[in-house]
Amino acid sequence: MEQTVSESVTNGSEQPVRVGVLGSAGRMGTEVCRAVGGAGDMDLVATIGSGGALAGLTDASAQVVVDFTTPDVVMDNVRWCIGHGIHAVVGTSGFTAERLDTVREWLLDRPGVGVVVAPNFAVGAVLMMEFAERAARYFASAEIVELHHPRKIDAPSGTAIRTAEMIGAARERAGLRPSPDATETELPGARGTEVASVRVHSVRSAGLVAHQEVLFGGPGETLTVRHDSYDRTSFMPGVLLAVRAVLDRPGLTVGLGPLLDA
Ligand SMILES: NC(=O)C1=CN([C@@H]2O[C@H](COP(=O)(O)OP(=O)(O)OC[C@H]3O[C@@H](n4cnc5c(N)ncnc54)[C@H](OP(=O)(O)O)[C@@H]3O)[C@@H](O)[C@H]2O)C=CC1
Ligand SMILES: O=C(O)C1=N[C@H](C(=O)O)C[C@H](O)C1
């Protein structure tokens, strides 16, 4: 019988996976420590915050590191993990195409090591992105509105950037012209920013966690694809799935999609 993401609770080995968490005192790190600690097939062996030494990971013989830190430190962390033969599951935002290529290069010297970089670990968000990609070719207009808690330090969100790239590529494949827009004058930011020729608008408000709407428009109709993370527990089944999968997945995996379908 098919299992849901949260029902698949073993790593396929007799031994618990030894997991270290970077950014362990952060909003996501705290939740990841709780989830790993509660997973029967994982041992939380190292928790490292800012100022902590990465050597704590090797000291604890961590097999997999989960990184939810900040865009300015994550590349150093990933490089260190690869160099020390430790698999990495990375949720931190800021992964441009150039950064992903750099990680691929680092991995060439360590063919046994796996890295999973996912802009969003919530299953619903992954599906929202896939649905948006599928819809993109059928509509003249496409814009993204991402809405997050006010302590988020980057805008647009990594999820919105990735979604825009997927939609932009689908529109290009379909030969669509740019979304119609007669704006001649605007206050700075009124039309959001542009990613892959798709307008992206960022909202920050108390009361929000992580939300995104993708709006499509054509003659006489609109389609809205929306996802809401009301709680950071929404990301945990995807994180645990990636921790289990990365052990047998050398090289770079981008996004949770390939793991959901594996
Ligand atoms: N892929 C996904 O599904 C999701 C991704 N994210 C992304 O994850 C990242 C973290 O988000 P969030 O938890 O909300 O942010 P927080 O600011 O709450 O957490 C980040 C943590 O990283 C710590 N940190 C900073 N530098 C280092 C370092 N060199 N080594 C270890 N720890 C360090 C910070 O410590 P200090 O405060 O002391 O500096 C802080 O505790 C963001 O990029 C966010 O966009 C968030 C949710 C889901
Ligand atoms: O900072 C957050 O909270 C989130 N960050 C990720 C992103 O930038 O897309 C994922 C999710 O949106 C929550």
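Nothing fancy with the numbering, it's 1 onward along the sequence.
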Enquirer: Could you tell me the separation between the OG atom of Ser205 and the CG atom of Leu147, rounded to the nearest 0.5 Å?
Expert: 8.5 Å
Enquirer: Can any side-chain N or O of Gln63 pair as donor or acceptor with the backbone N or O of Arg18 at less than 3.5 Å?
Expert: yes
Enquirer: Using modelled atom types only, decide if a donor and an acceptor are shared between the side chain of Asn120 and the backbone of Ala122 within a distance under 3.5 Å.
Expert: yes
Enquirer: Does the pair Val246 and Thr253 meet the rule for a side chain to side chain contact (heavy atoms under 4.5 Å, CB included), with working shown?
Expert: CA-CA 9 Å; Val246 76; Thr253 302; over 6 Å; no
Enquirer: How long is the straight-line distance from CD of Glu165 back to OG1 of Thr96, given to the nearest 0.5 Å?
Expert: 9.0 Å
Enquirer: Under a 3.5 Å cutoff, is there a donor and acceptor pairing between the side chains of Asp181 and Ser179?
Expert: no
Enquirer: Is there a donor-acceptor contact under 3.5 Å from the side chain of His211 to the main chain of Val209?
Expert: yes
Enquirer: Can you name the nearest heavy-atom pair linking Ala142 to Ile167, along with the distance?
Expert: CB-CG2, 4.1 Å
Enquirer: Are Phe235 and Leu240 co-members of a hydrophobic cluster defined by side-chain heavy atoms under 4.5 Å apart?
Expert: yes
Enquirer: Ignoring hydrogens and geometry, is there a side-chain-to-backbone donor-acceptor pair from His227 to Gln212 under 3.5 Å?
Expert: no
Enquirer: Please give me the minimum heavy-atom distance between Phe139 and Gly218, naming the atom from each residue.
Expert: CD2-N, 3.7 Å
Enquirer: Under 4.5 Å between side-chain heavy atoms, counting indirect links through other Ile/Leu/Val/Met/Phe/Trp/Tyr residues: same cluster for Val90 and Val21 or not?
Expert: no
Enquirer: More than 12 heavy atoms of other residues, nucleotides or ligands under 6.0 Å from CD of Glu172: yes or no?
Expert: no
Enquirer: Tell me whether Phe95 shares a hydrophobic cluster with Val198, the cluster being built from Ile, Leu, Val, Met, Phe, Trp, Tyr side chains joined at under 4.5 Å.
Expert: no
Enquirer: Residues two or more places apart in sequence or in another chain: which of them pass ring-ring contact (aromatic ring centres under 6.0 Å, His included) with Trp106?
Expert: none
Enquirer: Run the salt-bridge test on Arg104 and Asp101 with the 4.0 Å N-O cut-off and return the result as yes or no.
Expert: yes
Enquirer: Within the distance-only criterion (no hydrogens, no angle test), does the side chain of Arg199 pair as donor or acceptor with the backbone N or O of Arg191 below 3.5 angstrom?
Expert: yes
Enquirer: Are Met75 and Trp80 connected into the same hydrophobic cluster when the rule is that any two of I, L, V, M, F, W, Y join if their side-chain heavy atoms are below 4.5 Å apart?
Expert: no
Enquirer: For residues Arg244 and Ala39, report the shortest heavy-atom separation together with the two atoms involved.
Expert: NH2-CB, 4.2 Å
Enquirer: Roughly how far, to the nearest 0.5 Å, is the CZ atom of Arg137 from the CG atom of Leu176?
Expert: 8.5 Å
Enquirer: Taking all atoms of both residues into account, what is the closest heavy-atom pair of Gly23 and Thr69, and its distance?
Expert: N-CG2, 3.6 Å
Enquirer: With distance as the sole test, does Thr92 use its side chain to make a donor-acceptor pair with the main-chain N or O of Asp67 at under 3.5 Å?
Expert: yes
Enquirer: In this structure, are over 12 heavy atoms from other groups packed under 6.0 Å from Arg79 atom CZ?
Expert: no
Enquirer: Do Arg204 and Glu146 sit within salt-bridge range, that is, some charged N less than 4.0 Å from a carboxylate O?
Expert: yes
Enquirer: For residues Pro71 and Arg99, report the shortest heavy-atom separation together with the two atoms involved.
Expert: O-NH1, 2.9 Å
Enquirer: Same cluster or not: Leu223 versus Ile144, using hydrophobic residues (I, L, V, M, F, W, Y) connected whenever any side-chain heavy atoms lie under 4.5 Å apart?
Expert: yes
Enquirer: State, to 0.1 Å, how close Met129 and Pro119 come at their nearest heavy-atom pair, and which atoms those are.
Expert: CE-CG, 4.3 Å
Enquirer: Using ring-ring contact (aromatic ring centres under 6.0 Å, His included) as the criterion, list what pairs up with His149, not counting sequence neighbours.
Expert: none
